[in-house]
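See structure below.
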Amino acid sequence: MCVYCLDFYNYRCFISCDCSWNVLILAAIWKKTFVRTAFHILMSGLAFTDLCTGLIAQPFYTANILLYSTNPGIVRDKPTLVITLQTITDGSGTYFIFITLLFITLISIERWLYMSRRSLVTSHRGCFTFAMLFLFPIPLFVFRF
């Protein structure tokens, strides 16, 4: 049990470092007065996705692991709590991983179009794409569970 507590405290330090770096990236992109290109918008979307992963998915995953490892009796006594926690953990984790992969793919395509001088992405289209990438996977994960 002591090993799990030690891992939990190390994990909390990792989450706080991860979240603080993503907040710094978002602050640097959105507080600057330069012209925000589509790359900046997509990069801030990737940082926001990682921030949500660190604030939502990782704590539920940690709570799920600690629940199973430190108190196995609660799994038998309160199955609805365990099922709810497992559903939130799996749903949020896969949702944010899917959005992260979409952002990485879109950033790669946008950089390739920019390097070949055929960039079709403007800042307005980038903001629209940012919103659509967050809304597109929701029906996939709602009907999955």
Side-chain angles (χ1 to χ4, degrees), residues 1-114 120-145:
M1 184 166 159
C2 219
V3 173
Y4 292 116
C5 292
L6 183 63
D7 287 341
F8 178 69
Y9 290 122
N10 289 337
Y11 190 68
R12 286 182 50 111
C13 292
F14 174 71
I15 289 174
S16 63
C17 291
D18 182 40
C19 291
S20 62
W21 281 112
N22 286 316
V23 168
L24 282 173
I25 290 171
L26 286 171
I29 290 174
W30 291 104
K31 292 291 183 181
K32 264 321 219 175
T33 57
F34 59 85
V35 177
R36 288 176 198 88
T37 62
F39 176 73
H40 293 109
I41 294 168
L42 295 175
M43 194 60 112
S44 65
L46 185 62
F48 182 72
T49 304
D50 288 343
L51 179 68
C52 289
T53 301
L55 292 177
I56 298 170
Q58 288 178 349
F60 278 110
Y61 178 75
T62 305
N64 201 11
I65 293 296
L66 285 175
L67 184 69
Y68 279 113
S69 62
T70 59
N71 196 0
I74 201 166
V75 176
R76 289 185 310 264
D77 297 341
K78 298 181 181 178
T80 55
L81 172 71
V82 174
I83 291 171
T84 304
L85 192 61
Q86 186 70 34
T87 303
I88 292 171
T89 301
D90 291 343
S92 64
T94 52
Y95 176 74
F96 289 125
I97 288 171
F98 186 71
I99 291 176
T100 301
L101 290 175
L102 284 176
F103 267 112
I104 291 171
T105 304
L106 195 61
I107 287 171
S108 300
I109 292 170
E110 192 271 333
R111 288 286 94 187
W112 176 71
L113 287 173
Y114 181 77
L120 302 173
V121 182
T122 61
S123 63
H124 294 292
R125 288 181 187 164
C127 290
F128 179 73
T129 305
F130 179 81
M132 291 310 296
L133 281 179
F134 272 97
L135 297 177
F136 168 70
I138 290 175
L140 297 173
F141 292 101
V142 168
F143 293 121
R144 177 180 164 220
F145 293 108

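Bear in mind the structure is a predicted one, so any value in this text is a computation, not a measurement.
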Closest non-hydrogen contact found for Pro59 with Gly54 is CD-O, 3.4 Å
Qualifying residues under side-chain contact (heavy atoms from CB on, under 4.5 Å), relative to Thr100, sequence neighbours excluded | Leu46, Thr49, Asp50, Ile104
Separation between CD1 (Ile25) and CZ (Phe48), nearest 0.5 Å, reads 14.0 Å
Rounded distance (nearest 0.5 Å) linking atom CG of Leu101 with atom CZ of Phe96 = 13.5 Å
Spacing of Gln86 atom CD and Phe60 atom CZ [to the nearest 0.5 Å] | 12.0 Å
Taking all non-hydrogen atoms of both residues, which atom of Thr89 and which atom of Leu85 are closest, and how far apart?
-> OG1-O, 2.7 Å
Under 3.5 Å donor-acceptor pairs involving side-chain atoms of residues 132-140, not counting sequence neighbours:
none

If you take all heavy atoms of Ile83 and Thr87, which pair is closest and at what distance?
-> O-OG1, 2.7 Å
Measure the CG-CG distance between Asp90 and Asn64 for me, rounded to the nearest 0.5 Å.
-> 7.5 Å
Nearest heavy-atom contact between Ile56 and Ser92 is CG2-CB, 4.1 Å
State, yes or no, whether a side-chain contact exists between Phe39 and Ile107 at a heavy-atom distance under 4.5 Å.
-> yes
Looking at OG1 of Thr105 and CG of Leu42, how far apart are the two atoms once the value is rounded to the nearest 0.5 Å?
-> 11.5 Å
Does Leu55 reach the side chain of Leu51, with side-chain heavy atoms less than 4.5 Å apart?
-> yes
